[in-house]
Amino acid sequence: MSLLLDLVFIVLAVMLVVFGAMTVFHRSLVYSAVFLAFLGLTNAAVFYILGFPLLAFIQIIIYVGSGVLFIIIAVSMLKEPKVARVNAGNEVALAVFIIAFAVALVVSIGIVPASTGYVSVQGLLQYIVSNGEISIFVLIAVLSVALIASISIAIREDQQ
Amino acid sequence: MNGITVILIAGVFVLELGIAGLVYNRNLVKMLLSLEVSFNGAILLVLYISWMLFRPQLAGSLVFFSIVLAIGEISIILSVLIYMFKMKMLNELDQDEIEDDEK
């Protein structure tokens with residue numbers, strides 16, 4: 001693997017961690033949602049380099065383009081709430097747990113990857129269509145129910 | 001340690017940052033955002049492991065379905081939050097406040 005690709009991976013990894021931390025710990029909800037959009041874009045870049053171009057496009061178009069923008073618009077409509085947090089006494093224990101669990105997970109998965117694989121858009125779509133007909137129907141049903149439910153909840157007036 | 005290993009470590013950290021945010025934040029929207037952060041870390045780890053194990057198509061289809069389902073989850077949760085906020089069931093979108101109201 002070339003030095004340039006290693007450098008790109010390191011920059012993307014740093015961006016992932018920074019955007020994730022800013023999403024979780026930033027005080028403003030709108031800025032947190034914006035950082036979540038940046039996290040999704042960085043994730044899409046990693047997907048593309050790993051050899052999943054279809055998933056990168058779906059991540060950008062569906063997840064960032066509709067989902068995260070929906071969060072941003074919805075949060076912008078709300079009154080910006082006061083951000084309350086748990087008592088800060090056990091933050092050190094939480095940080096130690098995160099680092100220990102990360103080290104254990106990385107060691108257990110193994111730090112030497114195999115060679116790269118590339119899944120073309122056509123190949124992945126063919127695999128999904130040929131092996132996941134039932135999953136596609138279930139997905140369509142679930143999304144239809146979610147759409148109807150969210151619209152009916154959002155336009156519902158007070159019954160009292 | 002090469003570059004792709006750093007991606008694995010970053011994926012694990014993003015997953016755990018989301019879980020830590022679920023524990024740390026008491027605001028409902030922040031908890032939803034933390035859930036999405038952990039979701040991003042999880043799909044990154046799934047794709048990385050499949051990339052290592054030469055099973056990219058199975059993991060690709062799984063991640064495809066999970067991304068689309070995450071959008072449905074976001075729409076439902078945010079609709080409920082907006083409704084509760086509009087009906088003044090919530091004043092601060094604060095989990096502690098909801099627990100106090102239930103008591």
Side-chain angles (χ1 to χ4, degrees), chain A residues 1 5-6 9-10 13 16-17 20-21 23-24 29 32-33 36 39-40 43 46-47 50-52 55 58-59 62-63 66-67 70-71 74-75 78 81-86 94 98 101-102 105-106 109 111 113-114 117 119 123-124 127-128 132 135 139 142-143 146 149-150 153-154 156 158, chain B residues 1-14 16-18 20-21 23-27 29-30 32-34 36-37 40-41 43-44 47-49 51-54 56-57 60-61 63-65 67-72 74-76 78-83 85 87 92-94 96:
Chain A
M1 202 171 287
L5 195 56
D6 280 350
F9 273 132
I10 290 170
L16 279 173
V17 174
T23 305
V24 171
L29 290 177
S32 289
L36 181 64
L39 178 67
N43 234 354
V46 177
F47 292 168
L50 281 179
F52 298 93
L55 294 180
I58 286 174
Q59 174 87 357
I62 297 182
Y63 188 78
S66 68
F70 178 53
I71 294 178
V75 167
L78 301 175
K82 181 180 68 182
V83 177
R85 288 186 170 146
V86 178
L94 190 60
I98 287 175
F101 188 74
L105 196 57
V106 168
I109 290 176
I111 58 173
V119 184
L124 186 56
Y127 182 84
I128 291 173
S135 306
L139 191 72
V142 168
L143 282 181
S150 49
I153 290 170
R156 186 177 170 188
D158 197 1
Chain B
M1 182 183 292
N2 52 16
I4 191 68
T5 310
V6 181
I7 286 290
L8 168 65
I9 297 169
V12 173
F13 265 98
V14 170
E16 294 187 2
L17 274 172
V23 177
Y24 190 66
N25 291 307
R26 304 300 290 168
N27 184 289
V29 182
K30 291 289 279 187
L32 173 66
L33 292 174
S34 303
E36 293 305 316
V37 170
N40 273 291
I43 59 174
L44 185 60
L47 287 184
Y48 180 87
I49 293 170
W51 182 79
M52 283 174 60
L53 299 177
F54 301 107
Q57 289 187 329
S61 58
V63 170
F64 170 78
F65 287 122
I67 288 175
V68 180
L69 283 177
I71 300 303
I74 290 173
S75 65
I76 288 286
L78 270 182
S79 303
V80 171
L81 283 180
I82 289 174
Y83 175 75
F85 193 77
M87 293 298 125
E92 298 274 346
L93 293 173
D94 193 350
D96 288 334

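Chain naming here is simple, since letters A, B, ... match the order of the sequence lines and numbering starts at 1 in each.
- When heavy atoms are compared at a cutoff of 4.5 Å, A/V17 approaches chain B by way of both its backbone and its side chain.
- Minimum interatomic distance between A/S150 and B/S75 (heavy atoms only, all atoms of both residues): CB-O, 3.8 Å.
- Going from atom CZ of A/F52 over to atom CD1 of B/I43 covers 11.0 Å, rounded to the nearest 0.5 Å.
- Contact of B/V14 with chain A is made through the side chain alone, with heavy-atom distances under 4.5 Å.
- Scored by the side-chain hydrogen bond (donor to acceptor under 3.5 Å, both in side chains) test, A/S32 finds B/K30 as partners (sequence neighbours excluded).
- Across every non-hydrogen atom of B/L17 and A/A21, the tightest pair is CD1-N, 3.5 Å.
- The structure places CG of B/N40 at 4.5 Å from CG of A/L39, a figure rounded to the nearest 0.5 Å.
- Among all heavy-atom pairs drawn from A/G20 and B/V37, the shortest one is CA-CG1, 4.3 Å.
- Of the inter-residue distances, the one linking A/L143 atom CG with B/L69 atom CG reads 6.5 Å to the nearest 0.5 angstrom.
- One distance of note links CD1 of B/I74 with CZ of A/F70; it measures 9.0 Å at 0.5 Å rounding.
- Options B/A70, B/G60, B/S34 differ in how many heavy-atom pairs under 4.5 Å they form with chain A, and the most are formed by B/G60.
- Looking at A/L36, the atoms closer than 4.5 Å to chain B (heavy atoms on both sides) all sit in the side chain, from C-beta outward.
- Atoms CG and CG, from B/L33 and A/L29 in turn, are 7.0 Å apart once rounded to the nearest 0.5 Å.
- Contact of A/Y127 with chain B is made through the side chain alone, with heavy-atom distances under 4.5 Å.
- Residues A/S135 and B/F65 approach most closely at CB-CZ, 3.6 Å, considering heavy atoms.
- Looking only at side-chain heavy atoms (C-beta outward), A/Y63 and B/I67 come within less than 4.5 Å of each other.
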Audit row: A/F9, B/I7, side chain to side chain contact (heavy atoms under 4.5 Å, CB included) steps and yes/no: CA-CA 6 Å; A/F9 273 132; B/I7 286 290; 3.3 Å; yes

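- For A/S66, the side-chain contact (heavy atoms from CB on, under 4.5 Å) test picks out A/I62, B/I71, with sequence neighbours left out.
- Interface residue A/I71: backbone and side-chain heavy atoms are both found under 4.5 Å from chain B.
- Annotation: the span from B/I9 atom CD1 to A/L16 atom CG amounts to 12.5 Å, rounded to 0.5 Å.
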